[in-house]
Protein chains: 2
Amino acid sequence: MRPLVHPAIEDITVEGILHVLSDPVRAAIYASLAASESARTCSNFLQMQDKEIPKSTLSQHFRMLREAGLIRSERHGVEMRNTSRCQEVDQRFPGLLGAIMQAHAQQCAQKQAAKSDG
Amino acid sequence: MRPLVHPAIEDITVEGILHVLSDPVRAAIYASLAASESARTCSNFLQMQDKEIPKSTLSQHFRMLREAGLIRSERHGVEMRNTSRCQEVDQRFPGLLGAIMQAHAQQCAQKQAAKSDG
DNA sequence: TTAGTAGTTCCAATGTCGTGAACTACGGGA
DNA sequence: TCCCGTAGTTCACGACATTGGAACTACTAA
């Protein structure tokens with residue numbers, strides 16, 4: 001098992017962040033982690049947005065989030081604890097994550113409204 | 001030649017915007033358009049960031065920017081005039097583009113500083 | 001030692017991207 | 001009207017990324 005890679009704060013790139021958050025599943029995972037007080041395991045996310053996510057796909061998503069510098073992952077026994085690195089990232093790119101998360105939230109709200117309209 | 005596709009403002013998605021701006025060349029094109037008072041043609045961008053961009057690649061980049069809703073393109077005779085749709089997009093996702101552009105600018109400045117350091 | 005849980009790796013199918021070559025579309029002479 | 005040059009597009013294909021099932025590792029508890 002290869003070791004977990006976390007980039008140093010100065011190696012985090014805007015392109016990396018945008019690319020990783022341009023996937024709706026990863027954006028949802030990240031939003032949930034950023035909003036959460038405590039760490040969350042991968043298996044917390046096996047079902048999202050009304051569908052099952054295969055374990056292997058989920059594992060890749062977490063790796064991408066980690067290697068883009070958006071989350072920190074630590075193995076604790078059999079499970080993995082994930083937390084958002086939002087404070088660090090916000091220091092490097094002030095306001096970026098906030099704006100993206102807000103836009104995502106707004107889009108989700110709009111989708112919900114459209115759905116209940118029929 | 002297929003007609004130019006511009007999504008309606010309500011069909012623009014966050015994922016689309018993030019994906020399209022996660023490419024450094026497209027981000028640079030968009031930043032330049034957004035900063036520009038008047039429309040710019042595609043061939044304005046045949047060389048960017050110290051390298052030549054092939055015409056076909058450039059054409060794809062513009063198509064992606066257009067279909068994500070970030071720019072508006074109009075054919076005028078033999079050339080294409082491109083303008084940013086930043087006001088519309090900012091109305092839909094307030095602050096998003098500003099934050100992304102600011103982060104990009106900061107990263108570019110940092111790269112420049114590192115380069116002149118040696 | 002065995003069983004169970006959490007997550008990872010491998011691999012094949014599929015999708016996306018970048019690019020050269022050939023193409024379309026338009027305008028301006030001759 | 002025909003031809004040429006310019007601006008940009010489309011096509012086709014190789015390179016690379018993503019997905020997800022099967023098999024795997026790593027750890028815990030009984």
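Since the model is a prediction, treat every value here as computed from it, not as a measurement. Convention: sequence-line order gives letters A, B, ...; per-chain numbering from 1.
Note: NZ (Lys51(B)) to P (dT19(C)) measures 7 Å, nearest angstrom. Distance CD (Glu74(B)) to P (dC26(C)): 15 Å, rounded to an integer number of Å. Separating the CZ atom of Arg81(B) from the P atom of dC26(C) is a distance of 14 Å, rounded to the nearest angstrom. Remark: C1' of dA21(C) and CG of Leu58(B) are 17 Å apart, rounded to the nearest angstrom. Computed from coordinates, the Glu15(A) CD to dA17(D) C1' distance equals 17 Å when rounded to whole Å. The interatomic distance linking Asn44(B) (CG) with dG8(D) (P) rounds to 8 Å, in whole Å. As rounded to whole Å, 12 Å separates atom P of dG8(D) from atom CG of Leu4(B). The interatomic distance linking Phe45(A) (CZ) with dT8(C) (C1') rounds to 18 Å, in whole Å.
Counting only heavy atoms from C-beta outward, the side chains of Ile71(A) and Ile29(A) never approach each other to under 4.5 Å. Inter-residue side-chain proximity for Ile53(A) and Phe45(A) is flagged as unmet; no heavy-atom pair is nearer than 4.5 Å.
Taking a cutoff of 4.0 Å between a charged side-chain nitrogen and a carboxylate oxygen, Glu88(B) and Arg92(B) do not qualify as a salt bridge. A salt bridge links Glu79(A) with Arg81(A): the distance from a Lys NZ or Arg NE/NH1/NH2 to an Asp or Glu carboxylate oxygen falls below 4.0 Å.
At the heavy-atom level, Arg63(A) lies nowhere under 4.0 Å from the strands shown. Among the heavy atoms of the strands lying under 4.0 Å from Ser43(A) are primed sugar atoms or P, OP1, OP2 only; no base atom is included.
Ser36(B) places no side-chain N or O within donor-acceptor distance of the main-chain N or O of Leu33(B), the cut-off being under 3.5 Å.
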*asked:* I need a per-nucleotide contact map over nucleotides 18-30 of chain D, read 5' to 3'. Cutoff is protein heavy atoms under 4.0 Å; write B for the base, S for backbone only, - otherwise.
replied: SSBBB--BBBS--
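By the rule that hydrophobic residues join a cluster once side-chain heavy atoms approach within less than 4.5 Å of another member, Leu4(A) and Tyr30(A) end up as members of separate clusters.
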